[in-house]
Amino acid sequence: MIRVATSVTAVAMGMMLAVGCSSPTETGPIAASRPAGPGDGTVARMVLPKAPLGIAVANEGFAYITQPDHGFSGGALARVDLNARSVTATIPVGMVPSLVIFDPDRTRAYVSNQWSRNVGIIDVASNTQIDTIPTPGDPFALALSPDGGTLLVTTNANRLFKIDLATKRILGSIALPATSHHILMAPRDESLLSLHDAFLYVATRDGGSVMEVNWRQMTVDRTFTLGGRPQDMAFSPDGQDLYVANELSNVLHVIKLSNGTFTNIPLAGGGEGLALGNNGNHIYVGLVFAGAVQVIDRKGGETVRLIPVGGVPREIALDYTGRDVLVSNEDGWVDFIEPNDSLVPPPPPPPPPPPPPPDTGYTRVGLADGALGIAVSGDIAYVTRPYANMVARLDLPTNSITTSLPVGNLPCYIVFNSTGTRAYEANQFSDNVSVIDVATNTQIATIPLTGDPLPVTISTDDNTLFVTTNANQLFKVDLATSTVTGSLALPATSHHLLTHPNGNLVYVATRYGGTVLEVNWHTMTVVRTFTLGGRPQGMAISADRSELYVANELSNTLHVITISSGAIANVPLIGGGEGMALGADGKLYVGEVFSGLVQVVDPATRTVVRTITMGGTPREVATDAARHHVLVANEGGWVDIIR
């Protein structure tokens, strides 16, 4: 949702570093300098470090590929010779370059420098960034008008902006229901009577919809409600159908543009990147969480191949030959897939066992505008409503919402002090933390921060607040004066923090760094680093303080770290874990954000003892010890109270 990829944590949470960037491939005559081979059955791979993401292909036989490096270093744009499949130039650009597109004659390219809050202008002849266009918020998806004079860009301000390239002036904008990671200009071919060049299609990733926008007038003509998380898009060769990959619903939507109806083609995982290849006969879909590319016969809708590429396949672009496709992989390479590569599909999996009867041991409390962060104190819980800019108060004895109070823009995680008199809540897009008086349910102050805050935790003596932001910093805030008294640079954005009960340590899960840092917060120094891989998210500590538990969003595991020795054991999960809490029963409750499940793990046996189907998008988890309940905030619009 948010720059946090998953979500709001990338809610969007996002990275909140927004993941899933696609680049439209330029259309035009197909170059004939390299004949398209049928493929030899093996996918060709080119190593490309720094987490390659967006791809733009030029008809002259080269491509620009972004290298965001998760913000660890200054971003770069690689120029790749598609005949030799080698890098011929590396272009320094802004921080976390995401998407890249060419102008119609390939003399200029435009790259969204996400964390620099600008769009870089690249001179193709010299392979240099010659200028930038500032944007309100972190830019992501890009498209050009057919004449190349107008740039369309979305940012995490949840808006679509129209920019005149001659003057770099913003000519207009449209509010979006959620952050968009993919936009697509209608085909320029005037023979496609179903479309015209005034249409732009905007996939609102966490809004579950695709908007048909008249970009000249900046008005919305139609909205296609799909659910899940719509990502990359492509048109059928005749322009009659729009294909949309869905990251959460595990389907490829086929929208008939003449009447707005759509059908779904099942995917073997969440779809992100998308392109038509093999002269338009096949649809290639990158399965971002499954490490595979699914190839679908466009006319019949049948899957003809499932190619295991490993890693994290991101964006897909059509090669200049019109037959092959390029797939960027966040783990450090680009795959070149020819029409017959991996032609033999894998054997079908064995039939699944019959599902167990549904677990109905929970009560659901509806909450409009979604639910993200949650914290419990005594008989109440506070729940953040990110799309309403509110915090709801939930009365736990009656399981009812009694009031909601206004806070900042995109409220995320929240924590109470030990006495329950104050709560502290991170407002991601307001760059501050709200101080809430619990007795009156009012925001009484804010604490400004550098960057967009997401997780918060508090010291055991209630005197110090810890917050991380997308500036990749851990901040220490003195609550008596509401001032930052120290900071620590992090290797990547953190979406979860945990205070150790001993009063000296705080644990920082670096989501894109694949690590958990053990930090002495008095000196703001790193004591130890636990390397886990994947995307570490929510954490909990055992009652006897001997074990640290870490949910992993990408590797589908629960890590068990023995604190004394640093030894790591893993418990397999069905899906990627995000929120987690230790229940009053001594069990660990893990919300699995992409599968709509909560799995309960017995830490003594290190086995899953219960699986609860919640649906929606489970986010943060909190324990109501007094009633032996566990609360799960769901971005779908409710809170589940597990008995």
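Nothing fancy with the numbering, it's 1 onward along the sequence.
Checked by atom type and distance alone, the side chain of T469 pairs as donor or acceptor with a backbone atom of T450 at under 3.5 Å. Not one N or O on the side chain of T90 forms a donor-acceptor pair closer than 3.5 Å with the backbone of A78. A side-chain donor-acceptor contact under 3.5 Å links K162 to the backbone of W215. D103 places a side-chain N or O within donor-acceptor distance of the main-chain N or O of R108, the cut-off being under 3.5 Å.
Here the side chains of L226 and F262 are in contact, with some heavy-atom distance below 4.5 Å. The side-chain heavy atoms of E330 and Y512, taken from C-beta on, include a pair separated by under 4.5 Å.
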Start with the C-alpha distance between F594 and F289, add both sets of side-chain angles, then the distance that settles ring pair (Phe, Tyr, Trp, His ring centres under 6.0 Å), and finish with yes or no. CA-CA 9 Å; F594 305 115; F289 306 115; 4.2 Å; yes
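Annotation: F235 is in aromatic contact with Y201 [ring centroid separation under 6.0 Å]. In this structure, H559 has its ring center at least 6.0 angstrom away from the ring center of F530.
Under 3.5 Å, the side chains of T515 and T510 contain a donor-acceptor pair of N or O atoms. For the residue pair N552 / S555, a side-chain donor-acceptor distance below 3.5 Å is found, with atom types taken as modelled. For the residue pair H496/E620, the side-chain donor-acceptor check at 3.5 Å is satisfied. Judged by distance alone, the side chains of R298 and N281 never bring a donor and an acceptor atom under 3.5 Å apart. Using a 3.5 Å distance cut-off with no hydrogens or angles, the side chains of Y387 and E635 do pair a donor with an acceptor. Under the 3.5 Å distance criterion, with hydrogens and angles disregarded, no donor-acceptor pair is assigned to the side chains of R511 and T493.
D431 is linked by a salt bridge (Lys or Arg N to Asp or Glu O under 4.0 Å) to nothing, counting only residues two or more places apart in sequence or in another chain. Listed by chain and number, the residues in a side-chain contact (heavy atoms from CB on, under 4.5 Å) with L573 are L558, V590, E592, Q599, V601, V608 (sequence neighbours excluded). Scanning for ring-ring contact (aromatic ring centres under 6.0 Å, His included) contacts around Y64 gives F62, F102, with sequence neighbours left out. The side-chain contact (heavy atoms from CB on, under 4.5 Å) search around T223 returns S209, M211, V220, T225, not counting sequence neighbours. D69 pairs by the salt bridge (Lys or Arg N to Asp or Glu O under 4.0 Å) definition with nothing, not counting sequence neighbours. Contacts of D297 classified as salt bridge (Lys or Arg N to Asp or Glu O under 4.0 Å), with partners at least two apart in sequence or in another chain: none.
Taken to the nearest 0.5 Å, the CG atom of N470 stands 12.0 Å off from the OG atom of S494. Atoms CD1 and CD1, from I122 and I91 in turn, are 5.5 Å apart once rounded to the nearest 0.5 Å.
A cation-pi contact, defined as under 6.0 Å to the ring centre and within 45° of the axis, links R85 to F336.
A salt bridge links D452 with R117: the closest approach of a Lys/Arg side-chain nitrogen to an acidic carboxylate oxygen falls below 4.0 angstrom.
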